[in-house]
Amino acid sequence: MRTLVEQGQYFAEIQEYLVKGSLDLFKSYGLPVEHAIGAPSLHIGGPSVMAVIGYAATTVRGSLLLLTSRAVVAALQPAELRDEPPTEAALRDVLGEFCNMLVGRMKNRLVARGIAPLLSTPTTIFGDDLKLPVPTSGMSAWQRFSSSAGDIHVRLDATFDLDFALPEGESGAPDLPVEGETVLF
């Protein structure tokens, strides 16, 4: 049985994967971001887009959520799509794919530690003044990333079973391939 302190430490380690993955991901797609420590509470007024993906392994389950303005998602669109005005479907697809890539980066780090979560497909929402309820179980934390296009809010939720443990990482383990460099079937 793990203590709350141990579970908090595991959650903090997974959040580190999230922050590093976010910084690397958005930069690699032409939108460098900065992690905002001590960010104010979440508020995105007006038109916004949200994407969420669930994950589950034997002793942990949760979700990863991205929420930002439509303008930020439009800035993340591939160059081929920028000639046309952004449609709801295109914006939802773009943010859903970024959520998918980010949870994939987290999964790669967890697999290297012996945890192999299964992932759901992204669910996306398009609306105005989106508000989210506070989770009522497990651990949850918002991270804010600022960019020239606006803020991107990322929430990690996790519920650990009492016997969850994050095994020590292997020293000298090779670097993991970046998403898109390998295709496995």
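FYI, side chains are in, hydrogens and waters are out, and symmetry mates aren't considered; it's all heavy atoms of this structure. What you see is a predicted model, and the numbers here were worked out from it, not measured in a lab.
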Q) Got a sec, which residues hit side chain to side chain donor-acceptor pair (under 3.5 Å) with Ser22, two or more places apart in sequence or on another chain? A) none

Q.
Apply side chain to side chain contact (heavy atoms under 4.5 Å, CB included) to residues Val154 and Cys99 and explain how you reach the verdict.
A. CA-CA 9 Å; Val154 181; Cys99 191; over 6 Å; no

Q. Are Val5 and Tyr10 in one and the same hydrophobic cluster, where Ile, Leu, Val, Met, Phe, Trp and Tyr link if side-chain heavy atoms are under 4.5 Å apart?
A. no

Q: Kindly state each residue pair satisfying salt bridge (charged side-chain N to carboxylate O under 4.0 Å, His left out) with at least one member in residues 52-66, sequence neighbours excluded.
A: Arg61-Asp161

**Q.** Which residues share a salt bridge (charged side-chain N to carboxylate O under 4.0 Å, His left out) with Glu34, sequence neighbours left out
**A.** none

Which donor-acceptor pairs under 3.5 Å do side chains of residues 66-80 form with protein atoms, sequence neighbours excluded?
from, atom 1, to, atom 2, distance (Å)
Thr68, OG1, Asp151, O, 2.6
Ser69, OG, Val72, N, 3.2
Arg70, NH2, Gly127, O, 3.1
Arg70, NH2, Asp128, OD1, 3.1

Q: Could you name each residue pair satisfying salt bridge (charged side-chain N to carboxylate O under 4.0 Å, His left out) that touches residues 91-101, not counting sequence neighbours?
A: Glu88-Arg92

Q) With side chains defined as the heavy atoms from C-beta onward, is the minimum distance between Tyr29 and Val94 less than 4.5 Å? A) no

Q: Identify, with sequence neighbours excluded, every residue that meets side-chain contact (heavy atoms from CB on, under 4.5 Å) alongside Val33.
A: Leu23, Phe26, Phe145, Ser147, Ile152

Q: Identify whether Ile125 and Trp142 are in the same connected component of the hydrophobic contact network (ILVMFWY, side-chain heavy atoms under 4.5 Å).
A: yes

**Q.** Partner residues of Lys20 under the side chain to side chain donor-acceptor pair (under 3.5 Å) criterion, sequence neighbours left out
**A.** Asp24

Q.
Grouping I, L, V, M, F, W and Y whenever their side-chain heavy atoms are under 4.5 Å apart, do Leu166 and Val111 come out in a common cluster?
A. no

(Q) Return the CE to CG distance between Met106 and Leu156, rounded to the nearest 0.5 Å. (A) 4.5 Å

Q: Would you please name every residue forming a side-chain contact (heavy atoms from CB on, under 4.5 Å) with Ser120, sequence neighbours left out?
A: Ile53

Q) Which atom names give the shortest non-hydrogen contact between Arg155 and Ser140, and what distance separates them? A) CD-OG, 3.4 Å

Q.
I'd like to check Phe160 versus Glu6 (side-chain heavy atoms, cut-off strictly below 4.5 Å). Are they in contact?
A. no

Q) Quick one: NE2 on His153 to CG on Leu130, what's the gap to the nearest 0.5 Å? A) 11.5 Å

In a table with atom names and distances, give each donor-acceptor pair under 3.5 Å that connects a side chain of residues 11-19 to protein atoms at least two apart or in another chain.
from, atom 1, to, atom 2, distance (Å)
Glu13, OE1, Arg113, NH1, 2.9
Glu13, OE1, Arg113, NH2, 3.0
Gln15, OE1, Gln143, NE2, 2.7
Tyr17, OH, Arg113, NH1, 2.7

Q) Between CG of Leu25 and CZ of Arg105, what distance do you get to the nearest 0.5 Å? A) 4.5 Å

Q: Under the side-chain contact (heavy atoms from CB on, under 4.5 Å) rule, collect the residues that match up with Pro117, sequence neighbours excluded.
A: Tyr55, Ala57, Lys107, Leu110, Ile115

Q) Under the side chain to side chain donor-acceptor pair (under 3.5 Å) test, which residues partner Ser63, sequence neighbours left out? A) Asp157

Q) Of all residues at least two apart in sequence or in a different chain, which pass the side-chain contact (heavy atoms from CB on, under 4.5 Å) check with Thr87? A) Ala89, Ala90

